[in-house]
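Contents: one structure, followed by commentary.
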Amino acid sequence: MVTRITELSEHIGESVTLQGWLYARTDKGKLVFMQVRDGTGIAQCVIFKRDVDEATFETALRLPQESSLTVTGIVRADQRAPGVPGGYELSVQSLQVIQKAEEYPIGPKEHGVEFLMDNRHLWIRSSRQWAILHVRATVMRAIRAWLDRNGYIEVSTPILTPAAAEGTTNLFEVGYFDDRAYLAQTGQLYNEADIFAFSRVYCFGPTFRAEKSKTRRHLTEFWMVEPEVAFCTLEQLLEVEEQLVSYIVQTALKENASELKLLGRDPAKLANMAPPFPRITYDDAVAKLKELQAASSDAEQKQLLDITWGMDFGAPHESALTQLYDKPVFVTGFPSAVKAFYMEPYPGRPEVCKSADLLAPEGYGEIIGGSERISDPDLLLKRIHDQNLPEAAYKWYIELRQYGSVPHSGFGMGVERTVAWICGIEHVREASPFPRLLNRLYP
RNA sequence: UCCUCGAUAGCUCAAUGGCAGAGCAACCGGCUGUUAACCGGUAGGUUACUGGUUCGAGUCCAGUUCGAGGAGCCA
């Protein structure tokens, strides 16, 4: 009978057996402290020389980090015991080494990014990475739970696609027999087909962008959930978004309290995530940014915040805007020219479209991009022509508007950016188990 | 693609143009409450690569490679 570390508190005074790996070890004379990981947590196992035979004590004293083992001992509650969740430790009675590990490269001291990324296959064992990936799993589970509970059906969209939805420069090209195919950048166009069969749908999977971006917010492969809703205006879509995001954050706060604590994330900064989120129009946001720019005394910041109406926001603009709110903020009504061809223009004001980005607080920036889609076939065709897109490739997409077209809206949410925000980490690469970056395809 | 910074022991980093160093990890020893323990000892080097300046280069110069941060683009 094997006990898991998360269940230790239910076995105080009992003899239990753990299976795991040696996370860290220190000794003090006739005493050895072993931090043992079992995948569910970390527990301190204490070996007193007088409690075990000579061979066991010698083994423990020399056991290398990350050796696999089975350990049996009495569970004790002890305030001094470190670990995850901590507070409980094992007085070891017996120890079996399954494999004595070779010298482990990742030690208890600090390491550089390149080294850690080269050792990502081992790095994920570290408590910090373990905590982040736990939160990631919670976020993904919460996304599905909320959508499933609210009448959405998950319909997978293809990864291998014939053409781009939004330009062709950022596509990964792959061979497709005698032809070429591209890795999907979005499932949205297929989602739009799916809503006419299922009304509310979402796709959830990896997305690929061959962008030569070298920033803390970019991966070339990332996970995105894309809900799409029939009979839905932009205003209604924003309500869906704020409810979903709030549910995700609240679920993580509830289920990953110890992980967030391990990450040093202050739960107070996430606690008030509840609808409604503030909304600001692009017009007002530009005016606000100009004020901020005028008020800035830093010359470099002044330069970065420079903006004129019609420009898309850069990272410094998003960052400055989010500092004004303690909740995520919607920016609506972007200029049509900087957004995708399929976004519905505002009636009487075609230079702006029914689009909305959701910017996460504390400078984390865009985690959602969404819009109401053009439902009129003639307008859609015109937009395709205006942008010199190949009409033939979009034949099926235009047909969706010819057989019972309805107002509809949808959005895409980036999982790694959302996880990075919730965890309060610097870089999205830590929010992915094996991140793919501009110069990183190993391991 | 552009801008800035960097590459020295397994890891993190020092070293005024003048003998290649420390901490951690490893190995040996000491210590019955460690939290990245502490104390003593041992071992560990093609200073990213190529060329140049110099009596002498880890250090200065040129080029190359790799990496980090940022911009643009985006979720």
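Hydrogens, waters and symmetry mates are skipped; everything else that's a heavy atom, side chains included, is used. Here the structure is a predicted model, which is why all the values come from computation and not from measurement. Residue numbers begin at 1 in each chain, while the letters A, B, ... track the order of the sequences.
Side-chain nitrogen and oxygen atoms of A:R429 include none within less than 4.0 Å of the OP1 or OP2 phosphate oxygen of B:G67. Within the 4.0 Å cut-off from OP1 or OP2 of B:G67, at least one side-chain nitrogen or oxygen of A:N439 is found. Regarding contacts with the backbone of B:G33, a side-chain N or O of A:K28 is found under 4.0 angstrom from either OP1 or OP2. One finds no side-chain N or O of A:R80 lying less than 4.0 angstrom from the OP1 or OP2 phosphate oxygen of B:U32. Residue A:H427 places at least one side-chain N or O closer than 4.0 Å to OP1 or OP2 of B:G69.
Nucleotides B:U8 and B:G58, compared at atom C1', are 6 Å apart to the nearest Å. Going from the C1' atom of B:C24 to that of B:U42 covers 16 Å, rounded to whole Å.
If you take OG1 on A:T322 and CG on A:L358, they are separated by 11.0 Å, rounding to the nearest 0.5 Å.
When both pairing distances are held under 3.5 Å, B:A71 makes a Watson-Crick or G-U pair with B:U1.
No side-chain N or O of A:Q188 forms a donor-acceptor pair with one of A:E228 less than 3.5 Å apart.
At a threshold of 4.5 Å between non-hydrogen side-chain atoms, the residues A:L31 and A:I47 do not count as touching. In this structure the side chain of A:P345 never reaches within 4.5 angstrom of the side chain of A:V352, judged on heavy atoms.
Side-chain proximity of A:E366 to the nucleotides B:G72, B:C28, B:A75 is greatest for B:A75.
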